[in-house]
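We name chains A, B, ... by the order of the sequence lines, and we start the count at 1 in each one. All values below were derived from every heavy atom in this structure, side-chain atoms included, with hydrogens, water molecules and symmetry-related copies excluded. Please read all numbers here as calculations on a predicted model, not as lab measurements.
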Protein chains: 2
Amino acid sequence: MFEVDNFDFQILRAIQKDARIPQSELGEVVNLSTAAVNRRLKKLKENGVIKQYTALLNQESLGFGLTIITNIEVESEQIHELDATRRDFENCPYVQQCYYVTGEWDFVLIFAVKSMDQYNDLTRELFFQKPNVKRFKTLVAMSKAKVGLELAL
Amino acid sequence: MFEVDNFDFQILRAIQKDARIPQSELGEVVNLSTAAVNRRLKKLKENGVIKQYTALLNQESLGFGLTIITNIEVESEQIHELDATRRDFENCPYVQQCYYVTGEWDFVLIFAVKSMDQYNDLTRELFFQKPNVKRFKTLVAMSKAKVGLELAL
DNA sequence: CATGAAATTAGAAAATC
DNA sequence: GATTTTCTAATTTCATG
């Protein structure tokens, strides 16, 4: 496994907040030369510590005002069934997040959709038409108090 | 509200996948000059359509191998109590996401933590010690089939 | 209003020590 | 690891529709 030292942690912390920060600034913060920062960033990316650089978009301004969390219980927990179900969920572009969990439920999905109508359509497609979905429960987000994938480094 | 046209949508789609794509490449994809792409990106950022450029990190390699989803029911739904509770959740750095929801529960939290022990400590801090938390239910993610905040543009 | 082409500035990457 | 050089990309300017 790739070793991440304190310099790396500082760099990662900074680029989580702003992936566009110049490497020179990064160098000042961390007390390294820009070249050192550059090499470290490259390594972190190559080793998969940095998975992706992305832009977080404003869901509301783009018409995806509805966030919905769905808990799902499956009929069969056989590996093949489970994998197929998981794939169905993953392949839906409106499913932002899909977790396979232990506990009261088997899956938790987080949807970003345009309307309730659209969500209803998706429930038909993803739940009612799939024999392996036993039951599901819908939670509608009234507000997203905190949304992000930042780590507490 | 800011109007997003088809060029913008294409640009946004591309930078969701890779925020580091050169504006020249972006221009080729979208059939615009780099200057036009540059101006559009600037506007999209200024208008908050692009909220943030960020790096998605590999939780496992950084020691945050545990993802936990917690459903919470509160005692009082009075606005002040609710706000205070929400703030407590938000302020916890290990809470990646916090949704205030309708339905069977009031809040859904997603934690990225290092260990079960740490989560237990957090439950004490955030739930048991808070009078407004009536009950909560923990779901442990066995696998994150899909994690991201991309929109289906 | 927007665009594209060209010039400028800034940044990233590579080579060197 | 730092400095310096080279190369690439972002940004600004300016003329045009």
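Nearest to the side-chain atoms of A/Pro22 among the listed nucleotides C/dG11, D/dT3, C/dG4 stands C/dG11.
Close to C/dA2, at under 4.0 Å from its OP1 or OP2, lies a side-chain N or O of B/Lys43. Within the structure, every side-chain polar atom (N or O) of A/Lys42 is placed at least 4.0 Å from both OP1 and OP2 of C/dA12. Here B/Asn38 does not reach the OP1 or OP2 of D/dA10: none of its side-chain N or O atoms lies under 4.0 Å away. Taking side-chain N and O atoms only, B/Arg40 has a distance below 4.0 Å to OP1 or OP2 of C/dT3.
Put simply, NZ on B/Lys45 is 11 Å from P on D/dT11, counting in whole angstrom units. Computed from coordinates, the A/Asn31 CG to D/dA2 C1' distance equals 13 Å when rounded to whole Å. A/Tyr53 places its OH atom 14 Å from the C1' atom of C/dG11, with the value rounded to the nearest Å. What separates CD1 of A/Ile21 from C1' of C/dA12 is a distance of 14 Å, to the nearest Å. As rounded to whole Å, 12 Å separates atom P of D/dG1 from atom CG of A/Leu41. Per the geometry, CD belonging to B/Gln23 stands 11 Å off P belonging to D/dT12, to the nearest Å. Between B/Phe7 atom CZ and C/dC1 atom P the separation is 19 Å, expressed in whole Å. At whole-Å resolution of the value, CG in B/Leu26 and C1' in D/dT8 are 16 Å apart.
A/Thr70 and A/Tyr119 form a side-chain donor-acceptor contact under 3.5 Å, judged by distance and modelled atom types alone.
Ring-plane geometry between B/Phe111 and B/Phe127 is classed as perpendicular, the angle between the planes exceeding 60 degrees on a 0 to 90 degree scale with a lower cut at 30.
B/Tyr100 has its ring centre less than 6.0 Å from the ring centre of B/Phe107.
A salt bridge links B/Arg40 to B/Asp5: at least one charged side-chain nitrogen sits closer than 4.0 Å to a carboxylate oxygen. A salt bridge is defined here as a Lys NZ or Arg NE, NH1 or NH2 lying under 4.0 Å from an Asp or Glu carboxylate O, and A/Lys134 with A/Glu77 fails to meet this definition.
You'll find a donor-acceptor pair under 3.5 Å spanning the side chain of B/Arg39 and the base of C/dG4, going by distance alone.
Where A/Glu25 and A/Ala35 each meet DNA chain C at their nearest nucleotide, the meeting point lying more 5' is that of A/Glu25.
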